[in-house]
Amino acid sequence: MTFSSQFKQLGKVALACGLATSLVACGGSSETAQSKEEAKKEIAAQKATKADFNLILNNAPEPTAIPVLLERSGAEFDATLLNKRESATSYTLTEASSALNFGVYISDIAYLSAFGKAQEAIDYFTTAKTLSDKLGISQAMGEDLSEKLEKSLSDKEAMLKVISASEGKVKQFLNTNSQYDVAALIVTGTTLEALHISLGLVHNAPADLPEAARDALLVDLMSSIAKQRSSIDAIVEILAPLQNGSDKAVEYAKSFKALQAEYDKLNFDEKLKDNKGGYQLKADDLKGISVIVEKLRTMTVSE
């Protein structure tokens, strides 16, 4: 049974009974009005479930939002924070690994694009396509996606729009085809990588900057991390329907709930307000968040 099988089972009875050209297949000529009514209810339940999943996925964070904030913070681009392109082939062994790391690469592509690294972004897209082919979503992304990215080489805003639109098409395609779990893990990988990059920029902030300049940079980066609380909340909700599914989904759900708890302890909003009168937030404040994110990220990209 594949990773998506539990969601492909949704509406199985409805498809067999309610959508067949003849109801005879579900009960022969003796089928009662009651069984017909049950078939109708199965169809309605399937439609409602798909609608609910689509609504949940629509709350997923935009893959380009955080990279744009990071670029505007004044932070320098750090290529060491990217996932290695040569690791992509190892992620094709399982559907879950392909989905998670496709999401990771989407964030990397957005990060490269936001910082004006257009050609590198296209190179990463070529790498990510290995995983999209594995997942069967390359066509959903658009056959002309590579061409659109190349045309946008000199316009990072256009590239970011192309990336966001493509990710939206993928989510819609997967949900329509009862592969909610794959879509959920893609956006989980995207969110995880955005956190990893943001935290990395904080911890790698140049120590030789004048104190005032370094503090100002860190405040902006901290603000970008604070804003990712809503992304974490969205992932917890997105993973909730998978709680009775694979061990992988359950593990990620627990980790993102733990991140919620760390954000609650840190009380970002109050501390960021205090920065008006003097720098209060330090990189060390992020230890609890960093431990969870880096453990999860290492597990994700090492498979």
Does the side chain to side chain contact (heavy atoms under 4.5 Å, CB included) test come out yes or no for F102 and L185, once each step is laid out?
-> CA-CA 9 Å; F102 179 74; L185 291 184; over 6 Å; no
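- Within the model, atoms NZ of K84 and OH of Y124 stand 10.0 Å from one another, a figure rounded to the nearest 0.5 Å.
- Under the 4.0 Å criterion applied to side-chain N and carboxylate O atoms, D264 and R229 are assigned as salt-bridge partners.
- When hydrophobic clusters are built by joining Ile, Leu, Val, Met, Phe, Trp and Tyr residues whose side-chain heavy atoms come closer than 4.5 Å, directly or via intermediates, L160 is not grouped with F125.
- Formation of a donor-acceptor pair under 3.5 Å by the Q228 side chain with backbone atoms of S224 is found in this model.
- Here CG of L192 is found 10.0 Å from CD1 of I197. Values are rounded to the nearest 0.5 Å.
- One finds the CG atom of L69 at 9.0 Å from the OG atom of S223 (value rounded to the nearest 0.5 Å).
- Pairing each heavy atom of A184 with each of T188, the nearest pair is O-OG1, 2.7 Å.
- The structure places OH of Y252 at 10.0 Å from CG of L239, a figure rounded to the nearest 0.5 Å.
- Distance check: S198 OG to E193 CD gives 9.5 Å after rounding to the nearest 0.5 Å.
- In this structure, the side chain of S90 engages the main chain of S87 through a donor-acceptor pair within 3.5 Å.
- L195 places a side-chain heavy atom less than 4.5 Å from the side chain of I232.
- Closest approach of P67 to P63, counting heavy atoms only: CD-O, 3.4 Å.
- Annotation: Y111 is in aromatic contact with F77 [ring centroid separation under 6.0 Å].
- There is no path of hydrophobic side-chain contacts, each under 4.5 Å, that joins V291 to I225.
- Residues L266 and L286 are in side-chain contact: their nearest non-hydrogen atoms beyond the backbone lie under 4.5 Å apart.
- Of the residues T191, D181, L100, I137, the one that meets the side-chain contact (heavy atoms from CB on, under 4.5 Å) test with I186 is I137.
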Walk me through it: do T64 and S164 pass the test side chain to side chain donor-acceptor pair (under 3.5 Å)?
-> CA-CA 7 Å; T64 59; S164 288; 3.1 Å; yes
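- Side-chain atoms of D108 come within 3.5 Å of backbone atoms of N83 as a donor-acceptor pair (strictly under, hydrogens ignored).
- Under the 4.5 Å side-chain heavy-atom criterion for ILVMFWY residues, no single connected hydrophobic cluster contains both L199 and V68.
- Considering OG of S97 and NZ of K134, their distance stands at 10.0 Å, rounded to 0.5 Å.
- For T298, the side chain to side chain contact (heavy atoms under 4.5 Å, CB included) partners two or more places apart in sequence, or in a different chain, are S302.
- When side chains are defined from C-beta on, E294 does not count as touching H203, because their heavy atoms never get closer than 4.5 Å.
- In this structure, L221 is a member of the same hydrophobic cluster as L209, with clusters built from ILVMFWY side-chain heavy atoms closer than 4.5 Å.
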Is there a side chain to side chain contact (heavy atoms under 4.5 Å, CB included) between I106 and V170 once you walk through the steps?
-> CA-CA 12 Å; I106 288 294; V170 167; over 6 Å; no
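- A88 and L131 make their closest contact through O-CD2, 3.6 Å (heavy atoms, listed as atom of the first residue, atom of the second, distance).
- Under 3.5 Å, the side chains of T130 and Y91 contain no donor-acceptor pair of N or O atoms.
- Closest approach of A140 and K169 over heavy atoms only: O-CB, 3.4 Å.
- A donor-acceptor contact shorter than 3.5 Å is absent between the side chain of H196 and the backbone of V293.
- Between the side chain of S113 and the backbone N or O of I109, at least one donor-acceptor pair lies under 3.5 Å.
- Smallest separation of non-hydrogen atoms from Q260 and D233: NE2-OD1, 2.8 Å.
- Salt bridge E262/K265: present, at least one basic N to carboxylate O contact under 4.0 Å.
- Checking side-chain atoms of S107 against main-chain N and O of V104 turns up no donor-acceptor pair under 3.5 Å.
- Here the side chains of M159 and I122 are in contact, with some heavy-atom distance below 4.5 Å.
- Residues S73 and L217 have side chains in contact (heavy-atom distance under 4.5 Å, counting atoms from C-beta outward).
- Side-chain contact between L259 and I235 is absent, with no heavy-atom pair separated by less than 4.5 Å.
- Inter-residue side-chain proximity for V250 and L242 is flagged as unmet; no heavy-atom pair is nearer than 4.5 Å.
- Screening T126, T127, D133 for a side-chain hydrogen bond (donor to acceptor under 3.5 Å, both in side chains) involving K129 leaves a single residue, D133.
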